[in-house]
Structure formats: structure tokens, C-alpha cells
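In the text below, chain A, chain B and the rest are named by the order of the sequence lines, each starting its count at 1. All values derive from a computational prediction rather than experimental measurement.
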2 protein chains.
Amino acid sequence: MYIVVSFKDNIVIMSNIELKNAGLKITLPRVKILSKLESSENHHMSAEDIYKELINDGEVISLATVYRVLTQFEAAKIVIRHHFESDGNSQAVFELNHGDHHDHMVSLKTGKVVEFYDEIIENRQKELAKEYNFKIVDHSMILYGEFLDEE
Amino acid sequence: MYIVVSFKDNIVIMSNIELKNAGLKITLPRVKILSKLESSENHHMSAEDIYKELINDGEVISLATVYRVLTQFEAAKIVIRHHFESDGNSQAVFELNHGDHHDHMVSLKTGKVVEFYDEIIENRQKELAKEYNFKIVDHSMILYGEFLDEE
DNA sequence: CTACGTGCAAACGGTTTGCAATTCC
DNA sequence: GGAATTGCAAACCGTTTGCACGTAG
């Protein structure tokens, strides 16, 4: 199967490799969703964001499929699911998993998301875990507020 | 109105003051819920936890009221609402607000919650915010894993 | 007395699922 | 061709809400 999803052919090919590695068939919906996540502006989209944008692009896809595919991608570690509490509504947002761990600053005004990584905090978390006899499997750290240079 | 909720009279009286300060009438459901939060083992309960335990105690209350009261308590800063992602289910948990900021370690096995506070991390967050030109309004930091001394 | 609070059941919003039709390999 | 995937609509689950009744102050 050959699919032209965007002009960035390298990205399409990469997608296919990712899917293959995950043991997932390369289907149109999956490629569309990956492509959308790759091209999205702030790289953090809800299932509905993805669905609406695809529909807007004239694509044919169902919301159920978006959810199913994202769940599979999460299991395959292709994407990471987050639950930002920004706007009170509790919908999950997804970002591509580039393998680099990072935390998030989320704007309460615009929803803008910035990723950051801090060695000092990471180390301190490990020290604290040891102190409390706790084995960290995962962690989430999100700063909510606003960027002072936002329009 | 005089209500005997528990033998710890001081706690009942404190509850009433909290409610009064929040401009909330002292009603039976509210006192029961506060009392349950105060007496709960790990101090982090979902609305349904509270509801079920009260029903189990032979109390008469509706789940809708538990939700409504908890929402009012949150607005009045009597409780804090959290969204732990431990068990995949996304139900909110509530804890009494004792005014001291802290973060959480959550056991994925038992749901046990331990609070901690670390000056180094807090300072580092502030430094990072400055660096990114970001004004922190709130933050959440949760470590998920397991306590090595758990049964 | 009356404004506020409650219970019930129905609605809600995000997400999941059963099933028949379709697609990839 | 046959297993995997999709679309549709219905179910789901935690939470919220409209309304008639009940209760605190």
C-alpha cells in the first residue's frame, strides 16, 4: 500500500516504520492520525482535536477510531497520554513519544504547552523516593499558569 | 442545631466553624462528609468512597449531595481536589485542606497516598518558571509507583 | 418564614464497545 | 481469504443539574 499523506515523505515513511514495529497494520486512519500529531502546532492534542481537524481537512474518519487508535498507540508507546486539568474539563491530550522524558508548563489562558526537563528535580525525586522507600514507576509534574509574553 | 457526629467533639466544633466561615449552613450531610474526611485512613477519598462508607455506616445521604457538597467545599478551600491516574479510572479524590502545600506519592498497588514537601524542588520550579517567563498559578506533581514495605 | 439545601432521576461529556461491513496483507 | 480494522450507534461511568420537597436560621 502506498499512501500520500503529506509532502513530507520522510515523515510518512517514518510513521509506517513506527506502525510496523508496533505490530499494527498500516491503515489510512492510523497514518492520518500520526500525521496530524506530527504536524500539529503545539504537539498536544485531544482525541476530539484530532478528529475535528481531520474532518475539517475533508478526511473521512470516525471519532471512535481516533480513540481506538490513540489507545493502541499509547500501548505501543508511540504516543503519551496526559490529563491536563487546565480548563476544568477532563479530556486527555496526546503527544508523540520521542523517548525523551520531560515535564510540562500549561497556560491556563491559551492552553499553550511547553516542555521542560530539569536534572535537579529529577534527581531530587529519586532521592525522595529512596527516603520514603518508594519505587517510582512513573511521575507527572505539571505547572499551571501563564506565559508572560502571551498575546 | 446541635449534632453529635463523633466522640471527638473538638473536631465537630471545628467543622462547624469551617462551615460557618465559608458561609455554608451547618447541615447534617455536610457535617457527615467533613467527619468522614477527617476520620478516613489515608485522607484521600473519592466522592463514591465517601458515599459508600456513609451508607455502610447506616447514614442516609445521596451521591448527588456528596458531589455537590465536595464542590462547595473545594470552592471554599475546605478541601482540595486531585486527579490521580493510578488505577486508570479518572475519578477525583479529595483531601482536607490543612493549608500546607505538599505533593504526593501514590501506590499503584494499594492506592496508598503519602504526602511530601521538598524545598529544593519547589525552588527549582520557581527558577524554571522565571527562566521560561512563566507565572505559576498552581502545580501538581505526583509520583506513581509502590512502597517497598507494602503488604 | 423563606432562602438555602437535599433527594431523585434524568442529562451530560468524554470515552469505550458490540456488531456487521470493510480493508490490509 | 481471513484476520485485523473500521463505522455506527448504543452503552458506559463519573459527574452535574432541574425540580419538587425538606430544613436551618
Look at the side-chain N and O atoms of Ser46(A) and state whether any lies under 4.0 Å from the OP1 or OP2 oxygen of dG14(C). no
It should be established whether Thr65(A) places a side-chain nitrogen or oxygen under 4.0 Å from OP1 or OP2 of nucleotide dT6(D). no
Nearest whole Å is fine: how far is [N] [atom2] from [X] [atom1]?
X	N	atom1	atom2	answer
His83(B)	dG14(C)	NE2	C1'	13 Å
Gln91(B)	dT16(D)	CD	C1'	16 Å
His82(A)	dT15(C)	NE2	C1'	18 Å
Phe84(B)	dG14(D)	CZ	C1'	17 Å
Ile26(A)	dT23(C)	CD1	C1'	13 Å
Lys52(B)	dG14(D)	NZ	C1'	12 Å
Asp49(B)	dT15(D)	CG	C1'	15 Å
Tyr51(A)	dT6(D)	OH	C1'	13 Å

Nearest to the [X] side chain among [options], which nucleotide is it?
X	options	answer
Glu48(B)	dA9(D), dT5(D), dG14(D)	dG14(D)
Lys25(B)	dC4(C), dT5(D), dG7(D)	dC4(C)
Ala64(B)	dT6(D), dG5(C), dC8(C)	dC8(C)

If you round to the nearest 0.5 Å, how far is [atom2] of [Y] from [atom1] of [X]?
X	Y	atom1	atom2	result
Leu128(A)	Asn123(A)	CG	CG	11.0 Å
Asp149(B)	Asn133(A)	CG	CG	5.0 Å
Ile50(B)	Ile61(B)	CD1	CD1	9.0 Å

How is the hydrophobic cluster of Ile120(A) composed, in terms of its other members, when Ile, Leu, Val, Met, Phe, Trp and Tyr link through side-chain heavy atoms under 4.5 Å apart, directly or indirectly? Ile120(B)
Axis bend over the full length of the helix from dC1(C)-dG25(D) to dC25(C)-dG1(D), computed from five pairs that close each end, to 10 degrees: 30°
Electrostatic pair Lys130(A):Glu127(A) at N-O distance under 4.0 angstrom: no
Flag the pair Lys32(A) and Asp57(A) as a salt bridge only when some basic side-chain nitrogen lies within less than 4.0 angstrom of an acidic carboxylate oxygen. no
Which residue pairs pass the ring-ring contact (aromatic ring centres under 6.0 Å, His included) test when at least one of the two sits in [range], sequence neighbours left out?
range	result
residues 120-151 of chain B	Phe134(A)-Phe147(B), Phe147(A)-Phe134(B), His101(B)-His139(B)
residues 109-129 of chain A	none
residues 40-59 of chain B	His44(B)-His104(B)

Please list, in numerical order, the residues of residues 67-79 of chain A that have a heavy atom closer than 4.0 Å to any atom of DNA chain D. Arg68(A), Val69(A)
Heavy-atom nearest nucleotide on DNA chain D for Val93(B) versus Lys20(B): which residue maps closer to 5'? Val93(B)
Tell me which of Phe94(B) and Pro29(A) sits closer to the 5' end of DNA chain D, going by the nucleotide each one is nearest to. Pro29(A)
Evaluate side-chain hydrogen bond (donor to acceptor under 3.5 Å, both in side chains) for Glu85(B) paired with His83(A), printing each intermediate quantity in order. CA-CA 8 Å; Glu85(B) 304 165 30; His83(A) 294 275; 4.5 Å; no
Along DNA chain C (nearest heavy atom to each residue), the more 5'-positioned of Val60(B) and Leu24(A): Val60(B)
